[in-house]
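Written below as structure tokens is the structure these notes are about.
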Amino acid sequence: MRSSRRSPDVRTAAVTPWVLGVDSGGSGLRVALAKASGNGRPDTGHAATTASREPVRTGPAGIDAAHLLDQLLPMARALLDSAGDLDAGDWDAEDRDAEDRHGGSTPPVTIGAVAIGAAGMATLGDDLRARLPGALESALGVRRLALAADAVTAYAGALGLRPGAVVAAGTGMIALGTDLSRWRRADGWGHLLGDCGSGAWIGRAGLEAAMRAHDGRSGGSRALLARVEAVFGPAPELPGLLYPRTDRPAVLASFAPEVARCAAAEPADPVAARILREAAGHIADAAAAVCPPSGECEVALTGGLFKMGDPLLVPLRDALTERLPHARTVPAAGDPLAGAVRVAASLATDGLRLPVDGRLLHVPTEQGS
């Protein structure tokens, strides 16, 4: 039986590299280890994932690099240790040569590249950009690293490395597009300044309509008021329940499915249906702002908001047709973690085609070069 001991030193063996993809967001940290193939795509037949439900802290210096490393390094080492022995039939010639050089034992798993996608990277990622390159080289032997906004890994997961536009929507909403020469971004400014059409936006609009009905003002919805009282309790108590919450956007977004249910009811609540039409218009506006202007534009929709189904998707298809007649909506191929792995695999094989900049997609100079 071959040894399953793994070395973190990238310079100990010239085997097909493995890559590490990381997705850091409000729900925690997800990490995937996959083998890179020669065409710059991850080999999904050789992949393993792990996750932590503890979100990486944000402090005065932005996203806390030390806290991210405290979680990431043990998770990465556990994935390396559990990568296991490859069946002999799965090895390529390069792997077989490496086995011979190691006296018949399994050659070390080498991490050829790491890609980390993090919510807030563009504006809060200075500590990560300053500390992670040296820390990951020292701990894991990593010399190729990409630090990306989560919108970029969402893009790579949905469309890969080709031009187009991606709308990522859940609690928040951001659109990102590229012609492969530069990025175009729309929204993603948070629930106070934007995220128009997002779960938080829909939920807030539904709660406002409920409060209007409670007061007897125009524009209210008795159906939404009934759902507020069923979910949160008496309407006059809602401000006291909502305003002190530090997770206010998530609480607002939790009411978005109630808006969708009222819009899908028989008969449909007209106020709830109007809210979803307006949300669809905002989402289509963001997609139109980032879609490459020349030629046909592929648009992918990704994120939990679109699981809302027809009450949102039907008006969204209409809005996209009106605002982007040259666009073609395509299914998202994967999620942001898959996108992080894709970026890492392309980086490891010198095939990264997405635009590199200082904020949205930062690729430090290779360590030791």
Side-chain angles (χ1 to χ4, degrees), residues 25-28 53 55 119-120 150 154 167-175 187-287 301-319 335:
S27 60
R53 292 187 178 182
D150 58 344
V167 178
T171 297
M173 194 281 294
I174 186 171
D187 215 334
W189 305 122
H191 74 291
L192 294 179
L193 298 177
D195 286 354
C196 298
S198 67
W201 187 94
I202 292 169
R204 192 213 61 79
L207 293 173
E208 180 191 348
M211 300 310 291
R212 284 180 172 273
H214 174 268
D215 295 345
R217 290 178 288 151
S218 63
S221 164
R222 301 296 302 181
L224 289 171
L225 176 59
R227 296 312 306 152
V228 164
E229 293 178 335
V231 173
F232 295 106
E237 296 179 9
L238 184 59
L241 294 173
L242 180 63
Y243 292 150
R245 297 285 292 262
T246 57
D247 59 345
R248 194 180 307 121
V251 178
L252 292 171
S254 72
F255 194 68
E258 302 295 340
V259 178
R261 290 187 187 99
C262 289
E266 291 291 344
D269 178 64
V271 175
R274 173 183 55 78
I275 290 170
L276 293 183
R277 285 196 303 273
E278 291 179 1
H282 288 309
I283 294 168
D285 286 342
L301 308 175
T302 184
L305 185 71
F306 301 114
K307 296 177 182 178
M308 196 174 286
D310 284 349
L312 176 64
L313 294 179
V314 169
L316 179 55
R317 284 193 288 267
D318 292 341
D335 65 4

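Below, each value reflects all heavy atoms present in this structure, side chains not excepted, and no hydrogens, waters or symmetry copies.
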Notebook entry, point to check: To the nearest 0.5 Å, what is the distance between CD1 (I174) and CG (D150)?
Noted result: 7.0 Å
Checklist line | Within-4.5 Å side-chain heavy-atom neighbours: H282 and W201 | finding: yes
Margin query: Looking at every non-hydrogen atom in both residues, tell me the closest pair between V167 and F306 and how far apart they are.
Written below: O-CE1, 3.8 Å
Note to self: So L316 and L276, do their side chains get closer than 4.5 Å, heavy atoms only?
What the structure shows: no
Margin query: Determine whether a donor-acceptor pair (N or O, by modelled atom type, separation under 3.5 Å) exists between the side chain of T171 and the backbone of A200.
Written below: no
Item checked: Side-chain heavy-atom pair H191, R204 within 4.5 angstrom cut-off -> no
Notebook entry, point to check: Which pair of heavy atoms, one from L312 and one from A279, lies closest together, and at what distance?
Noted result: CD1-CB, 4.3 Å
Checklist line | Atom of V271, atom of A209 and distance for their closest heavy-atom approach | finding: CG1-CB, 3.7 Å
Item checked: Point-to-point distance, once rounded to the nearest 0.5 Å, from CG of L207 to CD1 of I202 -> 12.0 Å
Check: Looking at F255 and G203, what are the two nearest heavy atoms and their distance?
Finding: CD2-O, 3.8 Å
Note to self: Give me the atom names and distance for the closest heavy-atom approach of R245 to D247.
What the structure shows: NE-OD1, 2.9 Å
Margin query: Within this structure, what is the CG-CD1 distance for the pair D269 and I275, rounded to the nearest 0.5 Å?
Written below: 8.0 Å
Margin query: Would you say that R317 contacts D310 through its side chain, given a criterion of any heavy-atom pair below 4.5 Å between the two side chains?
Written below: yes
Item checked: Nearest-0.5 Å distance, CG of residue L225 to CZ of residue R227 -> 11.0 Å
Check: How long is the span from the CZ atom in R212 to the CZ atom in R222, to the nearest 0.5 Å?
Finding: 14.5 Å
Margin query: I want to check something: taking the side chain as every heavy atom from C-beta on, are V228 and L224 in contact at a cut-off of under 4.5 Å?
Written below: no
Check: Where is the tightest heavy-atom contact between A272 and C262, given as atom of each residue plus distance?
Finding: CB-CB, 3.8 Å
Item checked: Value rounded to 0.5 Å, distance of CG in L301 from CG in L313 -> 7.5 Å
Checklist line | Min side-chain heavy-atom separation L238-M211 under 4.5 Å | finding: yes
